[in-house]
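Note that the coordinates shown come from a computational prediction; the quantities given were computed from them, not determined experimentally. Below, chains carry the letters A, B, ... as their sequence lines are ordered, and counting in each starts from 1.
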2 protein chains.
Amino acid sequence: MRRDVFQAIADPTRRAIIGLIALQAMTPNALAEHFDTTRQAVSKHLRILTECQLVKQEQAGREIYYHFNPDSMKEVADFIEPFRRMWESKFRQLDNVLSNMKKSKK
Amino acid sequence: MRRDVFQAIADPTRRAIIGLIALQAMTPNALAEHFDTTRQAVSKHLRILTECQLVKQEQAGREIYYHFNPDSMKEVADFIEPFRRMWESKFRQLDNVLSNMKKSKK
DNA sequence: CACTTGCGAAACCGATTAGTTGCACATATA
DNA sequence: TATATGTGCAACTAATCGGTTTCGCAAGTG
């Protein structure tokens with residue numbers, strides 16, 4: 001199933017999972033200890049993260065290590081990029097000047 | 001009401017609205033023409049975007065112009081930033097080397 | 001072999017979501 | 001003033017979400 005990355009990172013628990021896994025690959029059980037939920041709930045989050053390829057599995061016996069895969073995060077970065085310069089202060093100030101000019105023209 | 005930015009940008013229609021508004025401030029009616037939904041549906045999206053301050057209103061008579069406010073987008077940028085270098089190829093290659101070293105050690 | 005451990009899948013549940021229709025209200029306009 | 005226009009809000013609905021409990025199964029372990 002194809003899943004939207006933006007929807008995947010909308011959930012705070014999933015963002016926390018990403019934060020943990022990015023540091024070190026972990027099993028579902030190890031992950032679940034960091035949250036106040038069942039292992040099955042974490043497993044469902046991991047499935048969603050896997051579906052949009054933010055995470056990949058590495059089987060090791062009966063354990064499954066989940067690795068973070070940053071590639072899919074590019075999509076989010078690409079979305080934000082056009083807005084980046086807008087919040088950098090020097091440009092913001094220019095924006096304000098233009099905005100005020102437009103208002104006084106009305 | 002306080003609203004999560006990540007949840008706000010999870011919806012593709014809202015991302016499209018942001019894309020349009022970022023180019024030029026628009027009224028709900030003008031926005032609705034770009035989508036296959038009712039004006040009221042767009043209005044609800046605008047309310048959610050306003051609640052997390054991704055958008056601000058400018059009253060002009062009976063019309064309301066919605067402006068894009070990039071500041072809240074910083075939160076998303078901050079979340080992504082730690083992962084940025086991970087997908088830049090030179091670092092990826094180093095990661096792969098380390099990953100293979102770890103595997104052969106097992 | 002019996003037993004434990006690690007995991008995903010299925011079924012269920014309350015809450016939330018994105019959409020609709022219908023309405024009320026303020027602002028322009030004839 | 002009567003009418004048209006631009007808007008937000010409320011009520012409703014089908015679908016989805018995030019969680020739980022229960023189960024089945026494969027992989028280790030005594």
Side-chain angles (χ1 to χ4, degrees), chain A residues 1-21 24-69 72 76 103 106, chain B residues 1-21 24-69 103 106:
Chain A
M1 185 197 182
R2 199 71 194 106
R3 179 77 71 150
D4 182 15
V5 182
F6 291 91
Q7 195 238 325
I9 64 170
D11 184 84
T13 304
R14 282 197 287 269
R15 289 200 298 277
I17 288 176
I18 291 174
L20 286 170
I21 281 186
Q24 186 182 17
M26 295 176 77
T27 66
N29 258 327
L31 271 170
E33 287 174 9
H34 288 78
F35 303 98
D36 191 23
T37 59
T38 60
R39 173 191 58 79
Q40 284 89 338
V42 172
S43 197
K44 282 177 86 170
H45 285 306
L46 287 170
R47 188 163 68 84
I48 290 170
L49 291 173
T50 306
E51 281 167 1
C52 66
Q53 267 134 21
L54 274 172
V55 143
K56 54 190 174 196
Q57 310 179 353
E58 175 205 357
Q59 190 90 32
R62 67 182 165 191
E63 291 180 327
I64 301 178
Y65 283 90
Y66 282 86
H67 295 256
F68 175 59
N69 177 28
S72 297
V76 182
K103 271 183 192 164
K106 277 182 193 161
Chain B
M1 186 196 182
R2 199 70 194 108
R3 179 76 70 152
D4 182 15
V5 182
F6 291 91
Q7 195 238 326
I9 64 169
D11 184 85
T13 303
R14 280 197 289 270
R15 289 199 298 279
I17 288 176
I18 291 174
L20 286 170
I21 281 187
Q24 186 182 18
M26 294 177 76
T27 66
N29 257 328
L31 272 170
E33 287 174 9
H34 288 78
F35 303 98
D36 191 22
T37 60
T38 60
R39 174 192 57 77
Q40 284 90 335
V42 172
S43 197
K44 281 178 86 171
H45 285 306
L46 287 171
R47 188 163 67 84
I48 289 170
L49 292 173
T50 306
E51 279 167 1
C52 65
Q53 267 134 21
L54 273 172
V55 142
K56 56 190 172 194
Q57 311 178 354
E58 175 206 357
Q59 191 89 33
R62 67 184 165 189
E63 291 180 325
I64 300 178
Y65 283 89
Y66 282 85
H67 294 256
F68 175 58
N69 176 29
K103 272 185 192 164
K106 277 181 192 161

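Atom CE in B/Met26 sits roughly 14 Å away from atom C1' in D/dG6 (whole-Å rounding). Remark: P of C/dA18 and CG of A/Asp4 are 12 Å apart, rounded to the nearest angstrom. One can place CD1 of A/Ile64 at 10 Å from C1' of D/dA26, the figure rounded to the nearest angstrom. As rounded to whole Å, 11 Å separates atom P of D/dC17 from atom CG of A/Asp11. Distance CD (A/Glu51) to C1' (D/dG18): 14 Å, rounded to an integer number of Å. B/His45 has its NE2 atom 17 Å from the C1' atom of D/dT7, to the nearest Å. Separating the CD1 atom of A/Ile9 from the P atom of D/dG18 is a distance of 13 Å, rounded to the nearest angstrom. One atom, CD of B/Gln7, and another, C1' of C/dT16, lie 9 Å apart when rounded to the nearest Å.
Residue-to-nucleotide proximity on DNA chain D shows that, of A/Ala41 and A/Gly61, the 5′-proximal contact is made by A/Ala41. Along DNA chain C, the nucleotide nearest to A/Pro28 and the one nearest to B/Lys44 differ in position, and the one closer to the 5' end is contacted by A/Pro28. Across the interface with DNA chain D, nearest-nucleotide mapping of B/Glu63 and A/Ile48 shows B/Glu63 to be the residue nearer the 5′ end.
Nearest to the side-chain atoms of A/Gln40 among the listed nucleotides C/dG6, C/dG8, D/dT7 stands C/dG8. Side-chain proximity of A/Thr27 to D/dG18, D/dT7, C/dC7: nearest is C/dC7.
Nucleic acid contact for A/Gln57: none, since no nucleic acid atom lies under 4.0 Å from a heavy atom of the residue. Among the atoms of the strands shown, none is found under 4.0 Å from any heavy atom of B/Gln59. Base engagement by A/Arg39 is indicated by at least one non-hydrogen atom pair under 4.0 Å involving a base atom.
A close approach under 4.0 Å does not occur between any side-chain nitrogen or oxygen of A/Arg62 and OP1 or OP2 of D/dT29. An OP1 or OP2 oxygen of D/dT7 is reached within less than 4.0 angstrom by a side-chain nitrogen or oxygen of B/Asn29. The side chain of A/Ser43 places an N or O atom within less than 4.0 Å of a non-bridging phosphate oxygen (OP1 or OP2) of C/dG8. Listed pair B/Thr38 / C/dT20 meets the phosphate criterion, a side-chain N or O lying under 4.0 Å from OP1 or OP2. A sub-4.0 Å separation between OP1 or OP2 of C/dA18 and a side-chain N or O of B/Thr13 is absent.
Between the side chain of B/Asn69 and the backbone N or O of B/Lys56 there is no donor-acceptor pair closer than 3.5 Å. A distance-only check finds no donor-acceptor pair linking the side chain of A/Arg3 to the backbone of A/Ile48 [under 3.5 Å].
In this structure, A/Arg15 pairs ionically with B/Asp4, as a charged nitrogen and a carboxylate oxygen lie closer than 4.0 Å.
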(request) Report the C-alpha distance between A/Glu33 and A/Arg39 in whole Å, list the side-chain angles of each, state the deciding distance to 0.1 Å, and finish with yes or no for side-chain contact (heavy atoms from CB on, under 4.5 Å). (result) CA-CA 8 Å; A/Glu33 287 174 9; A/Arg39 173 191 58 79; over 6 Å; no

(request) Evaluate side chain to side chain donor-acceptor pair (under 3.5 Å) for B/Gln57 paired with B/Tyr65, printing each intermediate quantity in order. (result) CA-CA 6 Å; B/Gln57 311 178 354; B/Tyr65 283 89; over 6 Å; no

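Here the options are B/Asn29, B/Thr27, B/Thr37, B/Thr13, the test is side chain to side chain contact (heavy atoms under 4.5 Å, CB included), and the partner is B/Val42; only B/Thr37 passes.
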